[in-house]
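Below is one structure, written out as structure tokens, with a few remarks after it.
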Amino acid sequence: MDLKKRVEELTQLLEKYNYEYYVLDNPSVSDAEYDRLMQELILIEKQHPELKSNLSPTQRVGGQVLSEFKKVPHRRMMLSLANGFNEDDLIDFDRKVKEATGLDKINYMAELKIDGLGMALNYHGVLINALTRGDGNVGEDVTSNVITIKSIPSKIKITDDLEVRGEVFMPKKVLAKLNLARKENNEPLFANARNAAAGSIRQLDSSIAASRNLDAFWYYFVNASDFNIRFHSQALDLLDELGFKTNKERRLCHGIDEVLDYIKEYSAKRDSLDYDIDGIVIKVDDMSLYDLLGYTAKTPRWAIAYKFPPEEVITRLKDIIFTVGRTGKITPNAVLEPVRVAGSLVQRATLHNEDFINEKGLMIGDFVYLRKAGDIIPEVVKVDISRRDGSQTFFNMIESCPVCGAPLIKKDAMHFCVNPECGARKIEGIIHFASRNAMDIEGMGEKVVEQFFNQGFFKSIDEIYDLEQYRQDIISLDGWQSKSVDNLIGAIAKSKHNSLERLLFGLGIKEVGEKMAKTLAKKFYNLDALMKVSEEELLQINDIGPVLAHSLVSYFQNEKNLEMIEKLRQKGINFEYLGSTSVASDSYFSGKTIVLTGTLSSMGRSEASKILESLGAKVTGSVSRSTDLVIAGTEAGSKLDKARLLNIEVMDEERFLLLIKSK
């Protein structure tokens, strides 16, 4: 027997049967026949490992164990969608699309918004990788887990580059079965299908992911225009032909009125589906209009997500407790009789401040209506006064900090603990410093910070960098091992080399958000220069007002802050901005508004954009009369056509490279 040929035959048969069973829901062979063929393939691969492929059907059962997931840049940014919450929002969206395109009527594709985990698949005849959304620019490579989802094709008949995006989810019946087993094993239950899917995909052991029986729907053929496909509806039909599982509940709607009818229909059908949905996605069907409609910084203007009205439930307000933030802000929180809302168990909800509680007329012991704002954040909506029975007690705002006992002050609607030595403030400050968008110390989340603070391993952010001296003490704690401690110490050491903007944001200076931290870092280049600046000098910078200027100067005048910064310096923390700070005023691109279109062979658009911005240009996503220059790579589409129509200068990649290399 030609074993190589037999492996190919078995692979083709098993992939065919997977497609029939998991995509078409119409199997042509019995389970016993499928299992017999699978066992034959497993045996051949075991005896001849050189014939085993990473995309073999045998890999659907998992078994690969990784130490970590690699971070991989997306070829094109994975954008979020703008949200609409009512009929008026959708009508307004339709109006803007019509105005931008000059058309009287627009065809829309309406699709169910699956409540799962966003995913991108890249193919070149075979599956190259599967990437999570991540931050939109860079995702995690979770191919070893995604390949265990049996409805996903490992090979397709198109051999050119192809990218599809969709949603990995856990069916409701699978979640119910999984939680039943976890309950019997005294394991914590998954709150909802979305969390279960996300947790399964991020397992380092792919056999665990395989055991979770995940599924996926694919809703976006990213580079459909490369295959001369003009309409989104046609792109989805081709995905069907290629073996991808698309959601057949979609509908091509001729105008916004048909979209509204679709929403009403599926709002009623929502609970009968075997998977969770949290809204309806509406996309302009004609993809040739996408560049004309353009993009905001985070969302396309050719699509919108209608979010279902939040579910409201009623439960009892058992108590009101208080938490202390890193700025000293005191937040009252509702302690609730546990209740399931929008798929998850809720026991706490923020009550914001004293005024919010008084405006709602809340009393401890009340029955209250609860919902999730945007299906995410629990919020108390109102009180059911009719259910008061005399057992309720009035709410009284505390006058001293619940952690350190210092007197509180009230500013506007908020109460604050002003004691800089308050333990709660210090814990929150360290959590913020280590967070992803600040110093990005992987492994140092809220629970770890609280544990280490209470153990006395550190009491301030500079002491994080002395944590190695407690290595053996940490190993002795439950849940810690040598490897996990070494990984954390390595992440702490790595954070020393971050660019200045991360440190600035991590310091937690009042009014300095992530974006402003980068503005300041680029402007002053190093921390020492910023520490010397006056309020008057700061006010000369765009986007800096008197409140922010005063906050910055006050922070750097505080002796304790200066002492802590000096300790960070001694521990080797980088104080300089590592990005490009110079803007070439004599650059050909300086002061120009530029649009990139098509594919550049020498670099990605993100890299090209950064180069142009360093040379003083402003890079935007759509062509308009204010555009000065369009840089066109290969296969440039409607943006190039529009540039020529508006007589805007067009530059090819060769000249672009020549000009940037001359700087």
Side-chain angles (χ1 to χ4, degrees), residues 78-97 106-120 132-133 136 165-172 175 191-198 215-220 232-233 236 245-253 255-285 293 295-296 298-313 340-344 346 370-379 381:
M78 282 189 78
L79 297 169
S80 303
L81 294 181
N83 290 327
F85 298 97
N86 51 51
E87 187 173 304
D88 289 342
D89 289 343
L90 300 184
I91 291 172
D92 187 53
F93 166 73
D94 179 57
R95 177 186 59 78
K96 290 177 180 176
V97 170
I106 301 291
N107 288 341
Y108 296 104
M109 178 60 76
E111 303 168 70
L112 303 184
K113 187 175 184 295
I114 310 302
D115 195 9
L117 179 70
M119 192 68 59
T132 63
R133 179 187 300 277
R165 291 176 181 174
E167 206 83 8
V168 171
F169 66 93
M170 180 175 285
K172 291 177 182 176
L175 176 65
N192 52 52
R194 180 183 63 248
N195 290 357
D215 208 339
F217 284 127
W218 305 98
Y219 52 68
Y220 184 33
H232 176 56
S233 52
L236 292 176
K245 185 173 183 176
T246 65
N247 194 304
K248 302 306 186 292
E249 305 292 336
R250 64 182 182 266
R251 182 177 301 165
L252 184 61
C253 299
I256 199 66
D257 289 338
E258 290 189 15
V259 170
L260 298 176
D261 290 340
Y262 177 89
I263 288 173
K264 289 175 185 175
E265 178 182 338
Y266 278 90
S267 293
K269 290 181 177 179
R270 179 183 184 185
D271 292 337
S272 67
L273 299 169
D274 186 41
Y275 43 85
D276 287 331
I277 62 172
D278 58 356
I280 305 292
V281 174
I282 302 102
K283 299 174 186 168
V284 173
D285 190 46
L293 289 165
Y295 303 80
T296 69
K298 295 183 179 179
T299 63
R301 291 193 174 96
W302 41 264
I304 190 170
Y306 168 78
K307 301 300 289 286
F308 289 130
E311 171 192 358
E312 287 190 4
V313 299
R340 193 163 291 278
V341 190
S344 62
V346 174
L370 189 72
R371 70 182 179 193
K372 280 190 176 180
D375 273 352
I376 299 174
I377 303 171
E379 65 175 355
V381 181

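Since this is a predicted model, take the numbers as computed values, not measurements. Only heavy atoms go into these numbers, but all of them, side chains included; no hydrogens, no water, no symmetry mates.
Ring geometry for Phe217 versus Tyr275: interplanar angle over 60°, hence perpendicular rather than tilted (30 to 60°).
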- side chain to side chain contact (heavy atoms under 4.5 Å, CB included) evaluation trace for Arg371 with Val313: CA-CA 6 Å; Arg371 70 182 179 193; Val313 299; over 6 Å; no
- May I have the step-by-step check of side chain to side chain contact (heavy atoms under 4.5 Å, CB included) for Ile280 and Lys113, ending in yes or no? CA-CA 5 Å; Ile280 305 292; Lys113 187 175 184 295; 5.8 Å; no
- Worked verdict on Leu293 versus Val97 for side chain to side chain contact (heavy atoms under 4.5 Å, CB included): CA-CA 7 Å; Leu293 289 165; Val97 170; 4.2 Å; yes
- Item | Evaluation steps, side chain to side chain donor-acceptor pair (under 3.5 Å), between Asp94 and Tyr108 | CA-CA 10 Å; Asp94 179 57; Tyr108 296 104; 2.6 Å; yes
- Could you go through the side chain to side chain contact (heavy atoms under 4.5 Å, CB included) check for Val259 and Arg251 one step at a time? CA-CA 9 Å; Val259 170; Arg251 182 177 301 165; over 6 Å; no
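Within the 4.5 Å cutoff, the side chain of Glu312 has heavy atoms near those of the Val381 side chain. Residues Glu265 and Arg270 are not in side-chain contact: their nearest non-hydrogen atoms beyond the backbone lie 4.5 Å or more apart. Considering only heavy atoms from C-beta on, Met119 comes within 4.5 Å of Thr132 through its side chain. Looking only at side-chain heavy atoms (C-beta outward), Asn83 and Ile304 stay at 4.5 Å or farther from each other. Between Ile277 and Asp115 there is no side-chain heavy-atom pair separated by less than 4.5 Å. At least one side-chain heavy atom of Leu81 sits under 4.5 Å from a side-chain heavy atom of Pro300. For the pair Thr299 and Leu79, the minimum side-chain heavy-atom distance is 4.5 Å or more.
Remark: Asn192 CG to Arg340 CZ distance equals 8.0 Å, nearest 0.5 Å. Here the CD1 atom belonging to Ile256 is positioned 10.0 Å from the CD1 atom belonging to Ile106, to the nearest 0.5 angstrom. Atoms CH2 and CZ, from Trp302 and Phe93 in turn, are 9.5 Å apart once rounded to the nearest 0.5 Å. Note that the CG atom of Leu260 and the SG atom of Cys253 stand 9.0 Å from one another [nearest 0.5 Å]. In this structure, the separation between CZ on Arg95 and CG on Asp88 is 11.5 Å, given to the nearest 0.5 Å.
By the salt bridge (charged side-chain N to carboxylate O under 4.0 Å, His left out) test, Arg250 is found to be paired with Asp237, Asp240, residues two or more places apart in sequence or in another chain being considered. For Tyr219, the ring pair (Phe, Tyr, Trp, His ring centres under 6.0 Å) test picks out no residue, with sequence neighbours left out. Under the rule for a salt bridge (charged side-chain N to carboxylate O under 4.0 Å, His left out), Asp261 has no partner lying at least two apart in sequence or in another chain.
The two residues Met170 and Ala197 come nearest to each other via the heavy atoms N-CB, 4.0 Å. Counting all heavy atoms, side chain and backbone alike, Leu236 lies closest to Tyr220 at CD2-N, 4.4 Å. When every heavy atom of Met109 is checked against every heavy atom of Ser233, the shortest pair comes out as CE-CB, 3.3 Å. Between Ala120 and Met78, the shortest heavy-atom distance links the atoms CB-SD, 4.0 Å. Heavy-atom minimum distance, Ala196 versus Leu175: CB-CD1, 4.0 Å. Summarising the geometry of Pro378 relative to Val346, their closest heavy-atom pair is CB-CG1, 3.8 Å, with the distance given to 0.1 Å.
Within 6.0 Å of atom NZ in Lys269, more than 12 heavy atoms from other residues, nucleotides or ligands are found, so the atom counts as buried in its surroundings.
Judged purely by atom type and a 3.5 angstrom limit, Lys248 uses its side chain to pair as donor or acceptor with the backbone of Thr246. A donor-acceptor pair is defined here as one N or O able to donate and one able to accept, closer than 3.5 Å; such a pair exists between the side chain of Lys172 and the backbone of Leu273. Looking at Asp215, its side chain never comes within 3.5 Å of a backbone N or O of Phe169 through a donor-acceptor pair.
None of Asn247, Asp276, Val281, Asp278 except one satisfies the side-chain contact (heavy atoms from CB on, under 4.5 Å) rule with Leu112; the exception is Asn247.
Proximity of the aromatic rings of Phe85 and Phe308 is defined here by a centroid distance below 6.0 angstrom, and this criterion is not met.
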